[in-house]
There are 2 protein chains.
Amino acid sequence: MTELDNEMHRESGSKSSSGRKHRLSAHEVLFYEGDRADRIYEVLDGVMMLYKLLPDGRRQVVYVLRAGDMLGFTNHDTFDCTAEALTAVELQVYETREVATSPLLQHYVNRCLLSQMEHLHEHTVLLGRKSAMERVATFLMSLVPDRGGANCAGPANRDAPDMRSVVLSMTRQEIADYLGLTIETVSRVISQLKRKGLIKVEKQDSIHIQNVCGICQLTGMH
Amino acid sequence: MTELDNEMHRESGSKSSSGRKHRLSAHEVLFYEGDRADRIYEVLDGVMMLYKLLPDGRRQVVYVLRAGDMLGFTNHDTFDCTAEALTAVELQVYETREVATSPLLQHYVNRCLLSQMEHLHEHTVLLGRKSAMERVATFLMSLVPDRGGANCAGPANRDAPDMRSVVLSMTRQEIADYLGLTIETVSRVISQLKRKGLIKVEKQDSIHIQNVCGICQLTGMH
DNA sequence: CGGATGCTTGAGAATCATCAAACTCCGTGG
DNA sequence: CCACGGAGTTTGATGATTCTCAAGCATCCG
């Protein structure tokens, strides 16, 4: 069941979406920058990224999409970014005209747009003003639900250690291209955090944060 | 007449907007990050910026708004950025409920959102991957209409010099905070461009580009 | 078990930031 | 109209951070 279905039930009980689904395996491209845009998509499961390339090959990942996020909307008739799966992904497909005729769908798309805009503003601050350490710390905190934001829940209780395992779902290169750094810098910062005892690298793709508050203090937002 | 009025006439000929206007003088703040959000605004004349601050005072300008741009939409009930006038500004004010009940207004807001999103993607590439020179060149090109984009008009004709005067409407500090640089770096890059004979600084606020194509070549997009 | 991909570490270089000082522009008031 | 003052800008010297290049290492998967 899609997030939109959930919302439909909550808000009006109207019928479910048409049900066209699409699957991608890891690192498969959904669409390329410049492709004709005729559908929008909702991520049901898995992780995707939007990125842009400069002619000399430099890449910037502009957005990371998770379950509930939508992608594919555009002002023009072509996509302004390339969309690629980071993991295996399941998508809900919506036709453009389907969106135009459903006020409910339109409303949900709008909410997604506003939420993406807000996140892009935050990421702009990260890219424009934060140090490498602050960028990586912010990235790690973004993977811990209910922590680090405006309404941070704080440590669970004062005695229990403030730990949490997070799955990156991205290679070092993808993280670097997301944070505006090089792969070496990302690696060095992670090693620093290891040496400080703030994290443990469980697998390349999975990090155990030993002290969530400690990482949060490094984000530049406190 | 607002851009929205224009669109209304083009698309449906419906009645003009309610007509509540608001004026700001240069460097006046329209709203602060965290303020309760109950209206949205359209810039009719002048230039504004949205910015965010880190607790230690670092500032990042996340968007520059010009005539036709809208601001003030949010997912929550508070603004995620501060909005400040860069020049004297005239605004059209819309109540939130006004937007909710007007499909036409909603449609226009949506177009603005999508256009802002696209621009934020471009700016993300600038902040994440471009050199200081490329950032300043990109900034200058953004002030030259019909040039540098996907459908660049090219030099007017092959014999005439490819020149153009642009008004910055921003101090060096504001430009630096927009481009993720320091004021000194912005100044040094401008001096380099002067020495190369690509630009002349007419007033602090006004630059004569001697060779638009030459600047465009420095944006990293060619 | 072995190969390949991805990750880490080191040394050196480049870019940009910082600190400090001098200069220019611009509006004000004499 | 010109002198003055202050804000904003430019320039220089130095330093920190991050990038680049290169090599070695770990991890993952067949």
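Lettering follows sequence order; numbering is per chain, from 1.
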Student: Sorted by first residue and then second, give each salt bridge (charged side-chain N to carboxylate O under 4.0 Å, His left out) pair with at least one member in residues 192-217 of chain A; sequence neighbours left out.
Tutor: none
Student: Is the A:H123-A:Y178 ring centre distance short of 6.0 angstrom?
Tutor: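 So the answer is yes for these two rings.
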Student: Report for the helix from C:dC1-D:dG30 to C:dG30-D:dC1: angle between first-end and last-end helix axes, five pairs each, rounded to 10 degrees.
Tutor: 40°
Student: When you compare the side chain of A:E122 with that of B:D80, does any pair of heavy atoms fall below 4.5 Å?
Tutor: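 Sidechains of A:E122 and B:D80: no contact.
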Student: Under the salt bridge (charged side-chain N to carboxylate O under 4.0 Å, His left out) rule, collect the residues that match up with A:E174, sequence neighbours excluded.
Tutor: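 Residues passing salt bridge (charged side-chain N to carboxylate O under 4.0 Å, His left out) with A:E174: none at all.
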Student: Do B:R58 side-chain atoms and A:G128 backbone N/O form a donor-acceptor pair below 3.5 Å?
Tutor: no
Student: Side chains of B:V189 and B:R135: closer than 4.5 Å at any heavy-atom pair?
Tutor: no
Student: For A:R58 and D:dT18, give me the distance from atom CZ to atom P, rounded to whole Å.
Tutor: 18 Å
Student: For B:H121, give me all partners under ring-ring contact (aromatic ring centres under 6.0 Å, His included), at least two apart in sequence or on another chain.
Tutor: none
Student: Sequence neighbours excluded, which residues qualify as salt bridge (charged side-chain N to carboxylate O under 4.0 Å, His left out) partners of A:D146?
Tutor: none
Student: Do the non-hydrogen side-chain atoms of A:I183 and A:T171 ever get within less than 4.5 Å of each other?
Tutor: no
Student: Calculate the interatomic distance between A:H27 atom NE2 and D:dC28 atom C1'; express it in whole Å.
Tutor: 14 Å
Student: Can you give me the first and the last nucleotide of DNA chain C (5' to 3') that has an atom within less than 4.0 angstrom of a non-hydrogen atom in chain A?
Tutor: C:dG6 to C:dA11
Student: Would you kindly give the CZ-to-C1' distance between A:R135 and D:dC19, to the nearest whole Å?
Tutor: 13 Å
Student: Look for any protein N or O under 3.5 Å of an N or O in nucleotides 9-12 of chain D and output each such pair with its distance, or none.
Tutor:
{"residue": "D:dT9", "atom": "OP1", "partner": "B:R172", "partner atom": "N", "Å": "3.2"}
{"residue": "D:dT9", "atom": "OP2", "partner": "B:R172", "partner atom": "N", "Å": "3.3"}
{"residue": "D:dT10", "atom": "OP1", "partner": "B:R172", "partner atom": "NH2", "Å": "3.3"}
{"residue": "D:dT10", "atom": "OP2", "partner": "B:R172", "partner atom": "NE", "Å": "2.8"}
{"residue": "D:dT10", "atom": "OP2", "partner": "B:S187", "partner atom": "OG", "Å": "2.8"}
{"residue": "D:dT10", "atom": "O5'", "partner": "B:S187", "partner atom": "OG", "Å": "3.0"}
{"residue": "D:dT11", "atom": "OP2", "partner": "B:S191", "partner atom": "OG", "Å": "2.2"}
{"residue": "D:dG12", "atom": "N7", "partner": "B:R188", "partner atom": "NH1", "Å": "2.8"}
{"residue": "D:dG12", "atom": "O6", "partner": "B:R188", "partner atom": "NH2", "Å": "3.1"}

Student: Tell me, please, which residues at least two apart from A:E90 pass side-chain hydrogen bond (donor to acceptor under 3.5 Å, both in side chains).
Tutor: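 In terms of side-chain hydrogen bond (donor to acceptor under 3.5 Å, both in side chains), with neighbours along the sequence ignored, A:E90 is linked to A:R23.
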Student: Has A:Q116 got a side-chain atom pairing as donor or acceptor with A:D69's backbone, closer than 3.5 angstrom?
Tutor: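 Such a contact is absent between A:Q116 side chain and A:D69 backbone.
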Student: Hey, is the main chain of B:L181 close enough, under 3.5 Å, to the side chain of A:R129 for a donor-acceptor pair?
Tutor: yes
Student: Mind checking side-chain hydrogen bond (donor to acceptor under 3.5 Å, both in side chains) for B:Y51 and listing every partner two or more places apart, or none if nothing turns up?
Tutor: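 If we apply the side-chain hydrogen bond (donor to acceptor under 3.5 Å, both in side chains) test to B:Y51, skipping adjacent residues, the hits are B:E84.
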Student: Pair up each side-chain donor or acceptor in residues 209-222 of chain B with any protein partner under 3.5 Å, not counting sequence neighbours, and list the distances.
Tutor:
{"residue": "B:N211", "atom": "OD1", "partner": "B:C213", "partner atom": "N", "Å": "3.4"}
{"residue": "B:N211", "atom": "OD1", "partner": "B:G214", "partner atom": "N", "Å": "2.8"}
{"residue": "B:T219", "atom": "OG1", "partner": "B:C216", "partner atom": "O", "Å": "2.8"}
{"residue": "B:T219", "atom": "OG1", "partner": "B:M221", "partner atom": "N", "Å": "3.3"}

Student: Enumerate the protein-to-nucleotides 1-6 of chain D contacts in which both atoms are nitrogen or oxygen and the separation is below 3.5 Å.
Tutor:
none

Student: Which of residues 215-222 of chain B sit near DNA chain D, with a heavy atom under 4.0 Å from it?
Tutor: none
Student: Would a distance-only check, ignoring hydrogens and angles, find a side-chain to backbone donor-acceptor pair under 3.5 Å from B:S191 to B:S187?
Tutor: yes
